[in-house]
Amino acid sequence: MKTNGVTKDERGFTIIELLISMTIMLGVTGVIFSLVDPARGTYRTQPEVSDLQQRLRVGTSFMASDLMMAGAGSPAGGTLMGSLMNFFAPVQPNRLGQINSDVDAGVFYRPDTITLMYIPPNAPQTSLSDPMPQTSSELKVTAQPNCPAGNQLCGFKEGQRILIFDDTGSYDDMTLTQVQTASLHLQHNKSVPGNDLSKKYGVGAQVAQVMQRTYYRNATTNQLMYYDGDQRDEAVVDNVVDLRFTYFGDPRPPILLKEVTEPAGPWTNYGPKPPGLGAVTSGWPAGENCAFLVDPGTGVHASRMADLSPNAEGLVPMPEAMLTDGPWCPDTLSPNRFDADLLRLRKIA
């Protein structure tokens with residue numbers, strides 16, 4: 001059959017039929033791409049997820065290692081041996097150091113911040129040979145044993161973080177600016193205006209290299225940050241939406257293990273030893289400090305700190321209120337004061 005000379009079977013598609021078929025084809029193609037695109041997106045983001053997980057593992061491992069070492073003190077030598085918990089609080093829930101120290105601002109607790117201090121293995125250590133006034137740009141120290149001739153302060157280096165502490169609950173952290181081997185002097189940056197030593201330290205106060213680490217969350221950038229106690233803040237992990245530290249402590253109060261007149265410690269199971277009866281070493285009454293008082297009935301030393309749970313055998317939670325209400329060590333007026341309950345600390349979650 002022909003119409004106007006053209007066979008009907010030889011005619012092409014009409015415009016309407018082409019539009020309908022193209023519409024169907026576009027719809028099918030769109031469905032296909034919608035199914036394929038999420039897979040492409042997953043493929044693109046998977047390396048980023050793996051990188052984030054790896055950095056999180058590195059960051060938590062780094063933090064866990066420091067938490068395990070926190071409080072490690074002098075293994076041998078001198079009179080101030082043993083855990084730093086026997087002298088001051090080496091773990092505190094705030095930022096400490098040369099820059100933006102929370103204690104300078106009167107802040108003693110942040111739920112997302114923790115500072116850890118410890119003396120690393122084989123760290124150089126010595127002690128004061130002369131009393132040091134509160135305003136002092138140097139420390140006069142004794143020669144270290146087992147050092148080569150002419151280098152009796154071997155191990156101490158410029159730029160190193162060091163710690164000075166005694167048996168009263170006082171401590172100061174600082175950075176070495178110069179090591180004067182011949183005169184046995186350690187120059188430090190603690191004597192800049194407004195940053196003097198927290199007290200006058202006597203002969204025998206311990207001086208040692210310290211590892212000081214502060215971990216905190218930057219709420220602006222959502223990063224886990226690390227601060228070295230001196231001049232450097234660094235990001236450890238990105239995309240940290242929350243960070244909280246929970247503290248658990250020994251419910252029992254500290255006790256004396258030996259007479260405070262004994263020449264070498266440890267004198268207590270934890271916390272600084274009290275001064276001898278009648279002696280005053282801080283802002284507390286004679287014979288007392290932040291952890292011990294003189295019992296008015298017996299006239300002997302007794303714990304100032306309460307038994308948190310008389311019948312409990314496990315650790316007890318230590319909330320913010322407990323860690324910010326005192327008693328304060330070494331005393332209320334010290335620029336480096338800390339709550340005595342931090343000396344109970346045994347576990348961090």
Side-chain angles (χ1 to χ4, degrees), residues 80 84-110 113 115 117 128 131-137 139 162-174 188-207 210 212 214 229 253-254 260 267-268 270-294 301-306 318 320-345:
L80 304 180
L84 296 180
M85 282 287 189
N86 293 329
F87 307 103
F88 68 94
V91 178
Q92 299 189 33
N94 52 9
R95 177 188 173 105
L96 302 177
Q98 300 295 105
I99 299 176
N100 298 327
S101 174
D102 281 335
V103 173
D104 293 342
V107 177
F108 298 95
Y109 185 94
R110 293 187 186 275
T113 303
T115 294
M117 286 180 277
L128 291 187
M132 290 293 101
Q134 189 168 359
T135 300
S136 173
S137 61
L139 303 176
I162 63 171
L163 177 74
I164 180 172
F165 63 96
D166 60 18
D167 58 10
T168 69
S170 299
Y171 76 95
D172 280 281
D173 55 282
M174 61 198 74
H188 61 85
N189 66 353
K190 193 67 177 179
S191 61
V192 297
N195 200 21
D196 296 335
L197 297 175
S198 62
K199 61 168 287 186
K200 176 182 178 180
Y201 285 92
V203 174
Q206 192 84 353
V207 179
V210 65
Q212 182 174 344
T214 296
V260 298
W267 297 271
T268 69
Y270 69 86
K273 72 168 185 175
L277 296 175
V280 176
T281 59
S282 61
W284 297 95
E288 300 186 3
N289 65 1
C290 61
F292 292 90
L293 51 75
V294 176
H301 287 117
S303 177
R304 180 185 301 279
M305 299 165 64
M318 298 196 300
E320 176 181 357
M322 183 183 297
L323 301 179
T324 56
D325 63 349
W328 298 97
C329 296
D331 56 48
T332 306
L333 299 179
S334 173
N336 286 347
R337 61 192 180 276
F338 58 90
D339 191 291
D341 282 312
L342 285 168
L343 299 166
R344 301 178 183 263
L345 185 60

Take Asn289 and Ser282, measure what side-chain hydrogen bond (donor to acceptor under 3.5 Å, both in side chains) needs, and give me the verdict at the end.
CA-CA 7 Å; Asn289 65 1; Ser282 61; over 6 Å; no
Could you tell me which non-hydrogen atom of Leu342 sits nearest to which non-hydrogen atom of Val91, and how far apart they are?
CD2-O, 3.8 Å
So, for Pro275 and Ala279, which heavy atoms are closest and what is the spacing to 0.1 Å?
CG-O, 3.6 Å
Within the distance-only criterion (no hydrogens, no angle test), does the side chain of Asp196 pair as donor or acceptor with the backbone N or O of Gln134 below 3.5 angstrom?
no
Asp173 side chain near Tyr171 side chain, heavy-atom distance below 4.5 Å:
yes
Within this structure, what is the CH2-SG distance for the pair Trp328 and Cys290, rounded to the nearest 0.5 Å?
11.0 Å
Within the structure provided, determine whether His188 and Leu197 are in side-chain contact (heavy-atom separation under 4.5 Å).
yes
Any side-chain heavy atom of Pro327 within less than 4.5 Å of one from Arg304?
yes
Would you check if Leu277 and Val294 make a side-chain contact, meaning some heavy-atom pair closer than 4.5 Å?
yes
Between His301 and Leu293, is a side chain to side chain contact (heavy atoms under 4.5 Å, CB included) present by the stated rule, with each step listed?
CA-CA 6 Å; His301 287 117; Leu293 51 75; over 6 Å; no
Phe165 side chain near Met117 side chain, heavy-atom distance below 4.5 Å:
no
Does a side-chain heavy-atom distance below 4.5 Å link Leu163 with Met174?
no
How many angstroms lie between atom OH of Tyr109 and atom CD of Gln92, to the nearest 0.5 angstrom?
13.5 Å
Output the distance between atom CZ (Phe338) and atom CG (Leu96), rounded to the nearest 0.5 Å.
11.0 Å
In this structure, CZ of Phe87 is separated from OG1 of Thr268 (nearest 0.5 Å) by 8.0 Å
Does the side chain of Leu139 reach to within under 4.5 Å of the side chain of Leu128, using non-hydrogen atoms?
yes
Are side-chain heavy atoms of Pro272 and Leu343 found at a separation under 4.5 Å?
yes
Kindly say whether the aromatic ring centers of Phe292 and Trp284 come within a distance under 6.0 Å.
no
Salt-bridged, Lys199 to Asp172, with N to O below 4.0 Å?
no
Going through the distances and angles, do Arg344 and Asp341 end up as a side chain to side chain contact (heavy atoms under 4.5 Å, CB included)?
CA-CA 5 Å; Arg344 301 178 183 263; Asp341 282 312; 2.8 Å; yes
Polar side chain donor-acceptor pair, Thr113 to Asn94, under 3.5 angstrom
no
Charged N-O contact under 4.0 Å between Asp331 and Arg337:
no
Check this for me, if you would: do Asp102 and Arg95 make a salt bridge, where the nitrogen-to-carboxylate-oxygen distance has to be below 4.0 angstrom?
no
No-hydrogen, no-angle side-chain donor-acceptor test under 3.5 Å, Asn336 and Ser334
no
Working to the nearest 0.5 angstrom, can you tell me the gap between Thr324 OG1 and Phe108 CZ?
9.5 Å
What one should report as the nearest heavy-atom pair of Ser170 and Pro330 is OG-CG, 3.4 Å
Just how far is it from atom OG1 of Thr281 to atom NZ of Lys273, taken to the nearest 0.5 Å?
9.0 Å
